[in-house]
Amino acid sequence: MTTSTSNPSTSPITMGKYRIAACPRPLDCGRFAAQVSIASGSGRGTTDRVMRFHDLFLTHEAAAHYALAQGIVWVHETTRTQ
């Protein structure tokens, strides 16, 4: 697993062939929704799965942390069965 050094809670990470990126979005109520993008492949063979979560978070960082954690769980579960 590799990470960038800018902001660990919002920097994409790479796990094997997967690139996991948190994509929190602000809501009208002032809270944040968590989303995660899990991409793999390259060029025309690229796939990107985006998961959106129902939980609301007080900060951008909290939403990003949750999204990354869920992305990591998804990759672990997916690669465990291969």
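The structure presented is a predicted model; accordingly, all values stated were derived computationally and were not measured. Position 1 is the first residue of the sequence, and the numbers go up from there.
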Separation between CG of Leu56 and OH of Tyr66, rounded to the nearest 0.5 Å: 11.0 Å
Heavy-atom pair of closest approach, residues Ser37 and Asp48: OG-OD1, 2.6 Å
Nearest-0.5 Å distance that lies between atom NE2 in His65 and atom CD in Gln70: 10.0 Å
Any side-chain heavy-atom pair of Ile20 and Trp74 under 4.5 Å: no
Thr47/Arg49 under side chain to side chain contact (heavy atoms under 4.5 Å, CB included): CA gap, chis, key distance, verdict: CA-CA 7 Å; Thr47 59; Arg49 170 183 301 270; over 6 Å; no
Met15 CE to His76 NE2 distance, which is reported to the nearest 0.5 Å: 3.5 Å
Ala67 versus Ala34, closest heavy-atom pair with distance: CB-CB, 4.2 Å
Mutual orientation of the aromatic rings belonging to His60 and Phe32 [parallel < 30°, tilted 30-60°, perpendicular > 60°]: perpendicular
Thr79/Tyr18 under side chain to side chain contact (heavy atoms under 4.5 Å, CB included): CA gap, chis, key distance, verdict: CA-CA 10 Å; Thr79 57; Tyr18 297 100; 3.8 Å; yes
Shortest non-hydrogen contact from Gly71 toward Val36: CA-CG2, 4.2 Å
Derivation of the side chain to side chain contact (heavy atoms under 4.5 Å, CB included) call for Ile13 and Ile72: CA-CA 9 Å; Ile13 62 171; Ile72 291 168; 3.5 Å; yes
Whether Gln35 side chain and Met51 backbone form a donor-acceptor pair below 3.5 Å: no
Shortest non-hydrogen contact from Arg19 toward Pro12: NH2-CG, 3.1 Å
Nearest atoms (heavy-atom pairs only) where Pro24 meets Ala22: CD-C, 3.4 Å
